[in-house]
**Q** 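First the structure, then my questions, so here it is.
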Amino acid sequence: MLSQVNHWVEFVATGADALLLLRVLTLRLHKTYLFLTLLCVIAVFFDGVDLWLGDSAEGTRFFVYSRFLVAFVFPVAAWDVFEELSAQLANVRRAAISRIATSLVLVCVCGLIFSGLADASDENSAWQFTTTFAIILWAGSASGSLTFLWVMRRTLRAQSVAPPNNTSVWLIFFALTMASEIFTCFFLFLGDILSTNLREMVQLAVLIYGIGITAWCVLKLRPSPSDVPSAPVNANS
């Protein structure tokens, strides 16, 4: 029963991601937030492929290999969150993202070491190595991106900088999304020791959570100030 509910909720989640992408495009936010727009495109594409392949071996392989792309996009999307404040936060943003990049390199090394503890002499072990490394890299990227957002948020408060509306919206949405991604990574590692019903209940909760924060983001985004038509000069004449 829960598996069927999850299947239909996945369609709703895909629709929510599509609405967010449409909202970004109609507000012409892609001109400012290039990598966040890319993340929205990837989310819709991945959702569509997951629904198409379903719970199959091909679907599992696609999911695992797609984590490598996601791990690359997360940090650049986090960088993009503060694009409207690029002039004020240029030095701090570069310093913070450089530390995140260094951390990701260390995560890659540790992930390779940890994943390589298994014997990769046969096909199953090699696939297990790829899966473990993908999840570790995915979790490290999401954690690093969340840390970057936290550092930048503290900087905004320390400098008493009032972020624009869309910056605040993306900051909250992306932070909540990264928290969900981190939880999902740990859930995948613990999935084998959980009962089927519990796994499906957690999956349903994560889906509803994602739909909720995506719907909130869709409602809160506004046109960038540069895209808002100014009033005519002689309007009050």
Side-chain angles (χ1 to χ4, degrees), residues 2-55 59 62-63 65-67 69-85 138 141-142 145-146 148-149 152-153 163-185 187 200-229:
L2 276 177
S3 60
Q4 289 297 320
V5 173
N6 284 337
H7 177 68
W8 289 108
V9 174
E10 285 176 357
F11 281 98
V12 179
T14 302
D17 288 338
L19 282 176
L20 178 56
L21 175 60
L22 182 63
R23 180 70 168 167
V24 169
L25 295 177
T26 54
L27 294 179
R28 296 189 292 183
L29 298 180
H30 58 281
K31 295 181 178 179
T32 304
Y33 301 104
L34 175 62
F35 293 113
L36 284 168
T37 304
L38 174 62
L39 184 63
C40 292
V41 172
I42 289 175
V44 174
F45 174 72
F46 284 175
D47 287 348
V49 174
D50 286 339
L51 288 174
W52 177 41
L53 295 178
D55 188 13
F62 174 81
F63 175 80
Y65 287 125
S66 67
R67 298 309 93 185
L69 176 60
V70 164
F72 169 76
V73 175
F74 280 169
V76 293
W79 167 275
D80 222 21
V81 168
F82 302 94
E83 189 60 27
E84 288 192 47
L85 296 171
W138 175 23
S141 177
S145 299
L146 185 58
F148 173 79
L149 295 178
M152 296 303 297
R153 179 175 175 273
N165 174 78
N166 289 338
T167 300
S168 297
V169 172
W170 283 125
L171 175 58
I172 296 172
F173 170 74
F174 201 65
L176 293 175
T177 300
M178 291 301 98
S180 176
E181 296 288 326
I182 295 169
F183 172 80
T184 302
C185 293
F187 173 69
E200 291 177 349
M201 289 176 62
V202 172
Q203 181 182 359
L204 178 60
V206 171
L207 286 170
I208 294 175
Y209 171 86
I211 293 170
I213 62 175
T214 303
W216 175 85
C217 187
V218 170
L219 294 174
K220 290 294 184 178
L221 287 175
R222 296 291 183 268
S224 295
S226 59
D227 293 329
V228 177

**Q** Does some side-chain heavy atom of Asp17 sit less than 4.5 Å from a side-chain heavy atom of Phe46?
**A** no
**Q** For atom CZ of Phe11, is the number of surrounding heavy atoms from other residues, nucleotides or ligands below 6.0 Å larger than 12?
**A** yes
**Q** If I take atom CZ from residue Arg153 and atom CZ from residue Phe148, how far apart are they, to the nearest 0.5 angstrom?
**A** 14.5 Å
**Q** For residues Phe63 and Leu53, determine if any side-chain heavy atom of one lies less than 4.5 Å from a side-chain heavy atom of the other.
**A** no
**Q** Once rounded to the nearest 0.5 Å, what's the spacing between atom OG of Ser141 and atom CG of Leu146?
**A** 11.0 Å
**Q** Would you compute the distance between atom OG1 of Thr177 and atom CD1 of Ile172 and round it to the nearest 0.5 angstrom?
**A** 11.5 Å
**Q** Would you say that Leu149 contacts Leu171 through its side chain, given a criterion of any heavy-atom pair below 4.5 Å between the two side chains?
**A** yes
**Q** How far does CZ of Arg23 sit from SG of Cys40, to the nearest 0.5 angstrom?
**A** 12.5 Å
**Q** Asp80 and side-chain contact (heavy atoms from CB on, under 4.5 Å): which single residue from Leu36, Val73, Leu38 fits?
**A** Leu36
**Q** Would a 4.5 Å heavy-atom cut-off, applied to side chains only, mark Phe187 and Val202 as touching?
**A** yes
**Q** What is the minimum heavy-atom distance between Asp47 and Ala13, and which atoms define it?
**A** OD2-O, 4.1 Å
**Q** If you round to the nearest 0.5 Å, how far is CG of Leu204 from NE2 of His7?
**A** 14.0 Å
**Q** Do Val81 and Tyr33 have side chains that approach each other closer than 4.5 Å (heavy atoms only, starting at C-beta)?
**A** no
**Q** For residues Asn166 and Glu84, determine if any side-chain heavy atom of one lies less than 4.5 Å from a side-chain heavy atom of the other.
**A** yes
**Q** With sequence neighbours excluded, what pairs up with Glu181 under the salt bridge (charged side-chain N to carboxylate O under 4.0 Å, His left out) test?
**A** none
**Q** Return a table of donor-acceptor pairs under 3.5 angstrom between the side chains of residues 207-223 and protein atoms on other chains or two or more places apart.
**A**
unit_1: Tyr209; atom_1: OH; unit_2: Leu176; atom_2: O; d: 2.9
unit_1: Thr214; atom_1: OG1; unit_2: Gly210; atom_2: O; d: 2.7
unit_1: Arg222; atom_1: NH1; unit_2: Leu219; atom_2: O; d: 2.7
unit_1: Arg222; atom_1: NH1; unit_2: Lys220; atom_2: O; d: 3.4

**Q** Report yes if the side chains of Leu39 and Phe74 come closer than 4.5 Å at any heavy-atom pair, otherwise no.
**A** yes
**Q** Starting at CG of Leu19, measure out to OG1 of Thr14 and round the result to the nearest 0.5 Å.
**A** 11.0 Å
**Q** Quick check: closest heavy atoms across Pro75 and Ser145, and the distance to 0.1 Å?
**A** N-OG, 3.4 Å
**Q** By side-chain hydrogen bond (donor to acceptor under 3.5 Å, both in side chains), which residues pair with Trp170, not counting sequence neighbours?
**A** none
